[in-house]
Amino acid sequence: MAEKNSFFESQMVQDFNKEIEKFHLGPLWNAIPDLMHKQPTPQAQAYLWKWDTIYRKLMEAREIFTPERGGERRAIYFQNPGLLQRQPWGWASTTQTLYAAVQLILPGETAPSHRHTQSAMRFIMEGKGAYTIVDGERIYMDEGDYLITPGGLWHGHRHDGDEPMIWMDCLDIPFVYSTGGTFFEGYPDNLQQPEIPDNYKMNRYQGGMVRPISDRKSSIAPLSSYKWNQTDAALKGLSQYDPDPFDGYAVEFINPSNGQTANYNMAAWMQRLPSGFHSKAHRHTNAVIYQVHKGSGYTVIDGVKFNWSKGDFFVVPNWALHEHVALEDSDLFSVSDLPIMERQNLQREEVYDKNDGYQEVKSEFEPLLP
Ligand code: GTQ
């Protein structure tokens, strides 16, 4: 090996590497260890943002930025510190493939309609009275609701209620960016007006497990909003029995016409961890962004303890060992790039088999506070 290294470091090889660079050519012998490491080494890091910090900054943004002034949404996104250095275009995403943000809309505000090739989802954290209009359907949003905005559909938001509303956005922005497939278009006339009855899609799917016969071949999910009371009912039913050893009681938001994930590139889950639950550790290729909807506890990620409580966001990067511990009854919302990994045949999973399946905690993450 020493011989090999000295060969690569020899003047002859180094000079040649430099020489071909002038012609925009690159030597594979230099690149391969970085390009093809033995297992995933994502630049995205395990990280956690405290709700206190997020909330404080949203309240500051409230004074500084308005959708009227900026013609855009008041959203603050999560910049993974590991990706900051990497992105030459000056912004960092939350994981390698996904972008997540919190969005604040105040009574009387309008977020103008637009459409883009990226797919979006929203998870409603606080407030009521705002609606989104997606592809001409007005959908009212309440706490705990999960909504999808498939790529290419017009969407804008409006708040006619009387208290601030905050939700989580997640989009496949970095993934679409890396493919070069980005298109974006503003709606010509501020907010697209409803073109079909309010809550039309939800009304067509009241039965839950039956689909209208016209939807046998739907590819875009024919349901746009997944109400909290149904998610909660599903979790209550599930939690009468044994939990999944890694994820507790967990359900996935699906496209009811074909059983696939509701959003083409993003899998969204709600998982319920009863007080005292301690999952076994495992790792998988897909990276996950968590939002603590309820409760408190901690997650051990590659030996580091991340304490979480209601409102916090945290990232489990690709291939990082992780296990969850609930200190009170907790609900974790999460979104991941599982469908991307599965479709590319990149998904792998590995159970941690040492120490009864629990990691040794080596240190504790120190979150940045406002
Ligand atoms: O609300 O439509 O955080 O288009 C990023 C892009 C939110 C939205 C984001 C978007 C939106």
Side-chain angles (χ1 to χ4, degrees), residues 49 54-55 57-58 61-62 64-80 83 87 89-95 97-107 109-127 129-142 145-161 164-178 181-194 220-221 224-225 262-266 268 289 291 313 315 333 335 337:
W49 294 264
I54 301 164
Y55 187 76
K57 296 303 158 195
L58 268 183
R62 182 185 167 140
I64 292 166
F65 183 90
T66 68
E68 281 72 22
R69 261 185 240 152
E72 255 319 330
R73 286 96 171 100
R74 188 192 290 104
I76 293 180
Y77 66 93
F78 297 99
Q79 296 196 325
N80 191 299
L83 292 168
Q87 313 284 28
W89 51 88
W91 58 274
S93 53
T94 314
T95 69
T97 51
L98 301 182
Y99 150 109
V102 280
Q103 181 166 166
L104 166 68
I105 188 165
L106 299 173
E109 287 182 338
T110 299
S113 301
H114 62 206
R115 63 180 174 187
H116 38 67
T117 39
Q118 295 86 351
S119 291
M121 53 122 284
R122 282 165 241 299
F123 178 65
I124 311 306
M125 296 167 62
E126 271 189 31
Y131 56 82
T132 182
I133 300 180
V134 181
D135 200 22
E137 181 196 20
R138 173 163 49 187
I139 311 154
Y140 283 89
M141 300 181 280
D142 296 299
D145 291 357
Y146 170 74
L147 290 96
I148 60 163
T149 305
L153 303 184
W154 293 116
H155 57 284
H157 322 301
R158 166 78 198 164
H159 196 357
D160 290 331
M165 231 176 132
I166 300 174
W167 63 73
M168 169 190 182
D169 296 314
C170 190
L171 291 90
D172 50 5
I173 295 174
F175 177 71
V176 175
Y177 194 98
S178 71
T182 297
F183 287 91
F184 176 94
E185 197 183 344
Y187 193 70
D189 197 13
N190 196 26
L191 185 68
Q192 183 195 21
Q193 292 305 299
I220 289 184
S224 41
S225 167
N263 247 318
Y264 193 63
N265 284 334
M266 297 182 276
I289 303 166
Q291 202 270 329
F313 283 74
V315 167
F333 173 79
V335 54
D337 54 2

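When a ligand or atom number is given, it counts from 1 through the structure's own listing order. The first residue in the sequence is number 1, and the count goes up from there. Below, each value reflects all heavy atoms present in this structure, side chains not excepted, and no hydrogens, waters or symmetry copies.
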With side chains defined as the heavy atoms from C-beta onward, is the minimum distance between [X] and [Y] less than 4.5 Å?
X: V102; Y: F313; answer: yes
X: M168; Y: I289; answer: yes
X: K57; Y: W49; answer: no

So for Y77 against ligand 1, with non-hydrogen atoms under 4.0 Å, the contacting part is neither
Tell me the contacting part of L171 for ligand 1: side chain, backbone, both, or neither, using a 4.0 Å heavy-atom threshold, strictly below.
side chain
Considering only the protein, which heavy-atom contact is closest to [atom], and what is its distance?
atom: atom 1 (O) of ligand 1; answer: H157 NE2, 2.7 Å
atom: atom 7 (C) of ligand 1; answer: D169 OD2, 3.2 Å
atom: atom 4 (O) of ligand 1; answer: H114 NE2, 2.6 Å
atom: atom 8 (C) of ligand 1; answer: R73 NE, 2.9 Å

Lys NZ or Arg CZ of R74 over F65 ring: under 6.0 Å, within 45°
no
Using 30° and 60° as the class boundaries, would you call the ring planes of H155 and H116 parallel, tilted or perpendicular?
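Aromatic pair H155/H116 classed perpendicular.
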H116 N/O to ligand 1 N/O under 3.5 Å
yes
Report yes or no: does Q118 have a heavy atom closer than 4.0 Å to ligand 1?
no
Are more than 12 heavy atoms from other residues, nucleotides or ligands located less than 6.0 Å from atom OH of Y140?
yes
Taking the six-membered ring for Trp, are F123 and Y146 closer than 6.0 Å centroid to centroid?
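Here the rings of Y146 and F123 have centres that are no less than 6.0 Å from each other.
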Per-atom contacts, ligand 1 versus A75 - under 4.0 Å to a heavy atom
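Under 4.0 Å from A75, ligand 1 has these atoms: 3 (O).
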Where ligand 1 meets H155 - atom numbers and elements under 4.0 angstrom, heavy-atom basis:
2 (O), 4 (O)
